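Notes for the one structure printed next.
Just so it is clear: chains get the letters A, B, ... in the order the sequence lines come, proteins before strands, and each one is counted from 1. Here the structure is a predicted model, which is why all the values come from computation and not from measurement.
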2 protein chains.
Amino acid sequence: MFAQAATAHAPTAPFRGHQRLAEARPAPASFSPDQPHQIAFFEANEEVYAQGERANALYQVEFGAVRLYRLLSDGRRQISAFHVAGEVFGFEADGHHHFFAEAVGPAGIRVFRQPANEGNWRQTLDAALGALVRAQEHLLVIGRQNAAERVAAFLLDMMERQDNAREVQLPMSRTDIGDYLGLTIETVSRTFSKFKSKGLVRLANTRTVEVVDEAALRAMCA
Amino acid sequence: MFAQAATAHAPTAPFRGHQRLAEARPAPASFSPDQPHQIAFFEANEEVYAQGERANALYQVEFGAVRLYRLLSDGRRQISAFHVAGEVFGFEADGHHHFFAEAVGPAGIRVFRQPANEGNWRQTLDAALGALVRAQEHLLVIGRQNAAERVAAFLLDMMERQDNAREVQLPMSRTDIGDYLGLTIETVSRTFSKFKSKGLVRLANTRTVEVVDEAALRAMCA
DNA sequence: CGTTCAATTGAGGAGAGTCAATGAAGGTGG
DNA sequence: CCACCTTCATTGACTCTCCTCAATTGAACG
């Protein structure tokens, strides 16, 4: 059918119950509502929550990464966001989750079982607005940029989230990147190769990208 | 350059000051913070606010429609959302607008100059979360659906916002639709024509679509 | 009735997708 | 420790959708 491809995905078999819960440490400064909470450990590809599930908590990544995604009935998948350490996700509207959330690799996630209230609404709102801006900016990338521009934007975004280190770690697979950028795994791979041959990046290994010519990458996504 | 096309756009010349302000009527139930506010009238393509501007208000569409968009340096445009009567927009993060907002046609917009506070945070948060879900769902459409599926999804969305009337009014141009769906104006037009020849819709005029076979349209976007 | 701008339609090409084969990496068990 | 297997990534050949360029039609307005 052509139709923007995307690897077919069945939602991962539920692992719920496998996760071990740990006693809570003090929450990081970025998000610390006044409530009891705990850290859950997830293994790679384990589901955090499913689309349609009742939503009754917010989540903050402690370590590792999480992908939020949605599926079409034929298995096409769109990852709407990755979340890394410190970031908050799990917002819902009308009391239900509209997306799936899975750990990309092994991950620790702090769970806040208490919804937005008088005491924490400002933090919740700020986090939600940040997510909104990110989603809308991603729309521009997916809707109007070509493959090279998308990959460049992705690399720069990942770099920024890792304190602008030249060595960028990619916690996710090529398939994940493709499903995030609205491309196929092959196109992502070819684009990486082209960047490499142009001397824009070096690939230490599949999951490690050294950004050689940051300026050139920035110029690409205008 | 190919690159997902999109008609080149310069932000419309600022019309600020042209708008006439009217005394406020009671706000509709959907959003009514306890504060003084007023209704501003905008003519077609008039700017409501610009990217980068300091944000100090929320807006609710009274009549007409508004487009939110972002530009690439070469003029490619991505409309991230349309807003019609009753809907709230103008959220910001870090105190600045990250998008342009323009009236699609003549529009009336209620302006709430007071930011989120203890009294209205719930409404603000709900509106923001609704926008977030919409944006993320739109990512799936743009990232993973083909032209026909995108247009079908768009028509159904517009229909739903107009109380599911079979006669759907499109306040925006083909160019706007293209820039919203990540397509060119030609592809949008061709897709409409194909729908028409298949008997899925009838086009009373350019801006009026009669949905004949809703089921078929729904089946398209799975 | 001419002007103007938006929308439609056509012809052709380019970018990304599909299908398929090869290569590299990691885990398991003999 | 190595052979085997599985999974992921890369690369190539070919196809197809949608974009580009261009001409035509249609609608609105003075």
Side-chain angles (χ1 to χ4, degrees), chain A residues 1-9 12 43-45 72 74-78 104-106 141-152 170-197 201-209 220, chain B residues 1-9 44-45 72 74-78 104-106 141-151 170-179 181-197 201-209 220:
Chain A
M1 116 185 311
F2 204 54
Q4 314 303 97
T7 334
H9 290 277
T12 331
E43 41 191 288
N45 301 315
L72 290 171
D74 62 0
R76 281 176 286 173
R77 181 178 72 157
Q78 176 65 44
V104 170
V141 174
I142 285 190
R144 288 304 180 193
Q145 299 198 271
N146 62 28
E149 293 169 332
R150 295 184 205 191
V151 173
L170 304 179
M172 71 292 286
S173 69
R174 294 289 187 269
T175 303
D176 280 345
I177 298 173
D179 284 351
Y180 176 65
L181 296 177
L183 300 170
T184 59
I185 175 177
E186 293 96 332
T187 300
V188 172
S189 184
R190 274 188 258 266
T191 306
F192 272 122
S193 299
K194 199 187 300 176
F195 283 1
K196 192 173 63 173
S197 72
V201 303
R202 250 190 298 263
L203 297 173
N205 60 60
T206 337
R207 301 291 183 97
T208 308
V209 181
M220 298 194 64
Chain B
M1 123 187 305
F2 202 55
Q4 314 303 94
T7 335
H9 291 275
N45 301 314
L72 290 171
D74 61 1
R76 281 176 287 173
R77 181 178 72 157
Q78 177 65 44
V104 170
V141 174
I142 285 190
R144 288 304 179 193
Q145 299 198 270
N146 62 27
E149 293 169 332
R150 294 185 206 191
V151 173
L170 303 179
M172 69 293 285
S173 69
R174 296 287 188 271
T175 304
D176 279 346
I177 297 173
D179 284 351
L181 296 177
L183 301 170
T184 59
I185 175 176
E186 293 96 331
T187 300
V188 172
S189 184
R190 273 187 257 267
T191 306
F192 273 122
S193 299
K194 199 187 300 177
F195 283 2
K196 192 172 65 172
S197 73
V201 303
R202 252 191 297 265
L203 296 174
N205 60 60
T206 334
R207 300 292 181 95
T208 309
V209 181
M220 298 194 65

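Between A:K194 atom NZ and D:dA9 atom C1' there is a gap of 17 Å when expressed in whole angstrom units. Atom-to-atom, CD1 of B:I142 to C1' of D:dC18 comes out at 15 Å; the value is rounded to the nearest Å. Going from atom CG of A:D176 over to atom P of D:dT7 covers 16 Å, rounded to whole Å. Nucleotide C:dG15 holds its C1' atom 13 Å from the CZ atom of B:R76, rounded to whole Å. Atom pair A:N146:CG and D:dT20:C1' shows a separation of 15 Å (rounding to whole Å applied). Whole-Å rounding puts the B:R144 CZ to D:dC18 P distance at 14 Å.
Exactly one residue among B:T191, B:V141, B:N146 makes a side-chain contact (heavy atoms from CB on, under 4.5 Å) with B:V151. That residue is B:T191. For the pairing with B:R150, the side-chain contact (heavy atoms from CB on, under 4.5 Å) check across B:R144, B:Q145, B:M220 returns one residue only, B:Q145.
Contact between the side-chain N/O atoms of B:T184 and the OP1/OP2 oxygens of D:dC18 is not found at any separation under 4.0 Å.
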I'd like a table of atom pairs between the protein and nucleotides 2-11 of chain C - only N or O on both sides, under 3.5 Å - with the distance next to each one.
{"from": "C:dA7", "atom 1": "OP1", "to": "B:R174", "atom 2": "N", "distance (Å)": "3.3"}
{"from": "C:dA7", "atom 1": "OP2", "to": "B:R174", "atom 2": "N", "distance (Å)": "3.4"}
{"from": "C:dT8", "atom 1": "OP1", "to": "B:R174", "atom 2": "NH2", "distance (Å)": "3.1"}
{"from": "C:dT8", "atom 1": "OP2", "to": "B:R174", "atom 2": "NE", "distance (Å)": "2.8"}
{"from": "C:dT8", "atom 1": "OP2", "to": "B:S189", "atom 2": "OG", "distance (Å)": "2.7"}
{"from": "C:dT8", "atom 1": "O5'", "to": "B:S189", "atom 2": "OG", "distance (Å)": "2.9"}
{"from": "C:dT9", "atom 1": "OP2", "to": "B:S193", "atom 2": "OG", "distance (Å)": "2.3"}
{"from": "C:dG10", "atom 1": "N7", "to": "B:R190", "atom 2": "NH1", "distance (Å)": "2.7"}
{"from": "C:dG10", "atom 1": "O6", "to": "B:R190", "atom 2": "NH2", "distance (Å)": "3.2"}

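In this view, B:F195 satisfies the ring-ring contact (aromatic ring centres under 6.0 Å, His included) rule with no residue, not counting sequence neighbours.
Comparing the end axes of the helix from C:dC1-D:dG30 to C:dG30-D:dC1, each fitted to five base pairs by superposing C1' atoms of four pairs onto the next four, gives an inter-axis angle of 30° (nearest 10 degrees).
Here OG of B:S173 is found 8.0 Å from CG of B:N45. Values are rounded to the nearest 0.5 Å. Within the model, atoms CD of A:Q78 and CD1 of B:I142 stand 9.5 Å from one another, a figure rounded to the nearest 0.5 Å. Expressed to the nearest 0.5 Å, how far CD1 of B:I177 lies from OG1 of B:T187 amounts to 12.5 Å.
Relative to the ring axis of A:F192, A:R174 places its NZ or CZ within 45° and under 6.0 Å from the centre.
A donor-acceptor pair under 3.5 Å is absent between the side-chain atoms of B:T208 and the main chain of B:N205, judged by distance alone.
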